[in-house]
Amino acid sequence: MSHVELAVGHRTARRFNPATLVRWITPVAALAVVGALILYPIARLLQKALADGGAAYRDALDVNDLGRIVMTTALLAVGSLVIAMVFGVTLGIASCRLPYRVQWLGTLPLLPLVIPAVANIVGWAMLFSPRVGYVNTLLRWILRTDPKGSGPIDIYTTYGIIISTGLALTSFVYVFVRSGLMNINAELNDAAAASGASPLLTIRTITVPIIRPALVYGAGVALLLGLGQFTAPLLLGVNGNVTVLSNAIYQRAAEPPIDYGVAAALASPLLATGIVIVIVQRFALRDRARYVTHAGRSAPRPLRPTRWAVVPIALHAVVAIVLPVGALVVVALSPFYSRDIDMAAFSLDNFRAVVDDPGLFDGIRTSVVVSVAAVVIVLVIGYLVSELLESHWLPGWFRAALEFVTFLPVGVPAVVFGAGFLFAYSQEPVVLYGTDTVLIVVYVTLMIPYATRLISAARVSLGSEYAAASRTSGAGVMRTHACVYLPLLRPAIGGAAGLMFVLLTHEFAASLLVRSQQTQVMGTVLYGLWTSSSYPLVAAMALTMCVISAIGVTIAMVAGGGKSLLDRV
Amino acid sequence: MHKRIPSGVLLTGAVIAAAGVPSTLAAEAAPAVVAEAVTPEWQAVLDAANDEGEVVWYHVNFPAEVERVVEAFEAKYPDIDVETVRVLAEAQATLEAEMSTGAEGADIVTVANRDIAPTLRDAGGLSPLPADGPHLAAWEGTDSLLTDDTFVAHYVLKGIAYNTDLVSEPLTSYEDLLRPEFANGQIGVPIAKAGGSAAFWMFLEKHMGTEFVEALAEQEPRFYETGAPMDQALIAGEISVSIYSGPTILEEQANGAPIEYVQVRPSWGAPIDAFGVAWATHPNAAQILLDYLLSPEGQAVLATQSAPALTGVNGFINFEDVDPLVAPFAEFEAYVEKWNGIFGR
């Protein structure tokens, strides 16, 4: 017996049907698999934290300066979120209004993701170190101040960390916002204009509400990443005594005396915050029907292009890409790191040293193979989960539980998740330690929220009318997805694949703990160089990683397509 | 508790010619003048090691240090390849995971974290040192032979380095750090950590006094997590002086960096503990490599830019000039609190 799905929100009473039982297999299996992947390591970690009557929580309260650490964490997260949202939304809107001939510029805001976090921060340090930073040296020359003095900008401060973190998170927000904006129907804006609304009023009352899912999801991810930010405080915060929770967690998980229980206890606020954010998101987006922009009558028209859209994108590219990458190139070509740029001393020696390193090719091979495998698997999971979240026949509590579990990994710092993976997969019943399989499992787990969110943000805008039309035409479920939804979601899937490939090839916090010592990935190779080697070698390795990531992203974006099929109609 | 050395073992009588104490990169390792005598038991270990063909060495050393040792070892034992793996702060976690899962990994380990060996020992994870080998006996009764399964391989040195473009009058002692020209962020110092640099700060306080450390705090130094970024800041000129650099910075000098290095005496050196693991895939090759590190030749090669753990061996500086300041871990933790108070952190 089949049931025709009517317009959104319509339910009919029905008797028990064995087909209903069969219908529940997929969602229950999806919840079980996702739940097992995500909750099992967290459970093993909490087991450590709660051992001995929760002694770890009592010990966590004795951490030196805990109150200041928590306040700094919150300040860093909120400050970087504000920067990321302002820049991310601006760039997202600008990219959707680029003239046709320069639409390729829409990929520029994504390029900072291609730069490994360690290298990005080192690049900022080379630019804004108070005494020898290239930009500071130039500013002192312009301002006619003491050339051997200090400042005017100091990257090793709280505001320096907030700005560098905010710029890094901008690309994440941009990915979500652009994905949502790509499905806006310009007819809505035209209707508002015809009714007398100004452009600003249109943006405020039409555009922003429609892209609310993308804003909510993007803000949620950016906030949680800001709360769990690790690299910038680690590299830049020591001098100014800027310490955040992720640093305190890492110290307990990696430095003697090691205490995984306290590390897990310190991570609990971040985990709790992740849960709250998921709940807030569910509440903010409870009526998904109002975000549907694809009507059955016609394809959505893109926003009207303007040449001014190039300006914010170009400015962001200069600040977030050209400057730090330029600093890395200069240092990579130099025999040692110096304030003075001596082009006569430039050589490729550092790149040759990187290429000659036997660990490098092992790291590249392992990173690419494991990352590609993980991306393929998690795209399937993400597509399935996002589809289930849009299935109105499923009870709200089930979808809420599925969404909650899916989003959890973002709320857990990677270094803590790494410890959880170590406990989970180095002991019975599941022993995967020392194999490449454990890396794939870990990477899939870490990327489930990203895949789901990115696909879901685009899926929300499609609504259920396409499925209704397809079923009415006689197509089954599989054919509807293959011929209708997948082509429409292709850009979002391609974007998700590109983003996840970059994140995984740069990943090192979780990889450090769970990989066998003889298995190198690119992130651990780079981090190892930073702890023991010179900045020129770090810069050369970072640039090599950028090239590899860029190749992977390009392949993913080409496979995803620059436009959906309907955009070409 | 030390294992009784079996009778009939002939001790090596290698004599290392003194080559002076260099202030440049390499200290010459004088060749052994007496051939080593090999017992039948040790020959059997060597034959088995050759059959294994490989040994995996987890270490925390700088790559150049390890490469020198590997080159010299493989020249002496051409049938045994050495695979080196530089481990980071997570070494303890992964060694425990290897032990519990039986995953293939380390054969021998050299680490600065002194918590690792006792933890593994309590779980039966360490293998005995090569008692059948020709070199362990020379370590009997020395402070560097910690137990019958662990010894100090060498000491990673720290000294003063300064940027010659910014400092006109050379530094020769820690007292020079209190010159007015080095105030306001010109000095780079490590933050005190119980598992590492706290011992350095305690050494400084022991030899220079608490007043010196407090006066150094008043110079408003810049803080760094580890030595590598501090060295990079020094080379670039972000700071003028570093008090936590090591002889390896001389490699940057060879690249043209405007720095000079001073090995103040007495010197602080971080002890690097060495041991073999019970789950080793190549247990015999591990014994051969450990014996090599115990030998005067191995010590000299390993200590080219550090201090050996054996007297009578010339390294960058000699063993007698090192004060590692060994203390219970609780003392380091207590000192970190005191240090935070002095430096306002």
Side-chain angles (χ1 to χ4, degrees), chain A residues 64-65 122 125-126 129-133 148 150 156 234-235 237-241 250-251 253-258 260 335-340 345 349 357 359 418-419 422 425-427 431-435 512-518 520 524 527-536 538, chain B residues 56 58 60-63 83 85-98 100-106 113-116 166 184-185 191 193-196 222-229 231-233 235-239 251-252 255-259 329 333 336-337 340 344-345:
Chain A
N64 184 36
D65 245 353
V122 169
M126 292 170 186
S129 287
R131 288 203 172 92
V132 300
K148 291 196 173 181
S150 182
Y156 300 102
L234 179 69
L235 273 60
V238 174
N239 192 64
N241 204 13
Y250 177 72
Q251 285 170 5
E255 297 177 5
I258 293 175
Y260 293 114
F336 56 88
Y337 172 39
S338 170
R339 164 192 9 216
D340 302 317
D349 288 347
D357 185 343
L422 181 64
Y425 300 123
S426 64
Q427 300 168 27
V431 180
L432 296 175
Y433 179 82
T435 66
L512 272 179
L513 288 169
V514 78
R515 67 182 175 111
S516 74
Q517 288 294 332
Q518 291 160 291
Q520 290 279 18
T524 57
Y527 182 65
L529 280 177
W530 179 77
T531 62
S532 67
S533 192
S534 66
Y535 278 0
V538 171
Chain B
V56 180
Y58 286 8
V60 295
N61 300 69
F62 288 100
E83 180 182 344
V85 178
R86 190 167 192 274
V87 293
L88 302 172
E90 80 293 353
Q92 182 168 350
T94 54
L95 285 171
E96 289 173 358
E98 285 182 12
S100 66
T101 62
E104 194 171 315
N113 180 352
R114 311 205 93 180
D115 270 353
I116 294 178
L166 300 174
N184 297 324
I191 57 172
K193 290 191 169 186
R222 291 188 73 88
F223 301 98
Y224 294 88
E225 184 87 13
T226 58
D231 286 349
Q232 296 303 304
I235 290 165
E238 184 67 29
I239 55 175
E251 293 176 13
E252 298 281 1
N255 287 334
I259 55 100
F329 192 81
E333 288 184 298
V336 169
E337 278 198 48
N340 284 335
R345 293 177 67 89

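So that the names make sense, note that chain A is the first sequence line, chain B the second, and so on, each numbered from 1. From a predicted model like this one, the values you see are computed outputs, not experimental measurements.
B:Gln232 has its side chain out of reach of A:Ser129: every pair of non-hydrogen atoms, C-beta onward, lies at least 4.5 Å apart.
Here the CG atom belonging to B:Asp231 is positioned 14.0 Å from the CZ atom belonging to A:Phe336, to the nearest 0.5 angstrom. Summarising the geometry, atom OH belonging to B:Tyr224 is positioned 12.5 Å from atom CD1 belonging to B:Ile191; distances are rounded to the nearest 0.5 Å.
Ranked by heavy-atom pairs under 4.5 Å with chain B, the list A:Gly528, A:Pro335, A:Ser338, A:Ser534 is led by A:Ser534. No other option in B:Asn340, B:Thr94, B:Val85 has as many heavy-atom pairs under 4.5 Å with chain A as B:Thr94. Considering only heavy-atom pairs separated by less than 4.5 Å from chain A, the leading option among B:Glu104, B:Arg345, B:Glu225, B:Arg114 is B:Arg345.
If you measure heavy-atom distances from B:Asn255 to chain A, the contacts under 4.5 Å come from both the backbone and the side chain. Contact annotation for B:Val56: only side-chain heavy atoms (C-beta onward) come within less than 4.5 Å of a heavy atom of chain A. Only the side chain of B:Ala103 has a heavy atom closer than 4.5 Å to any heavy atom of chain A. Contacts of A:Tyr425 with chain B are absent, with no heavy-atom separation under 4.5 Å from either backbone or side chain. Contacts of A:Asp349 with chain B are absent, with no heavy-atom separation under 4.5 Å from either backbone or side chain.
Looking at B:Glu98 and B:Tyr58, their side chains do bring a donor and an acceptor atom within 3.5 Å of each other.
Atom CD of B:Glu337 has 12 or fewer neighbouring heavy atoms from other residues, nucleotides or ligands inside a 6.0 Å radius.
Shown here for B:Leu95 and B:Ala106, the closest heavy-atom pair between the two residues is CD2-CB, 4.1 Å.
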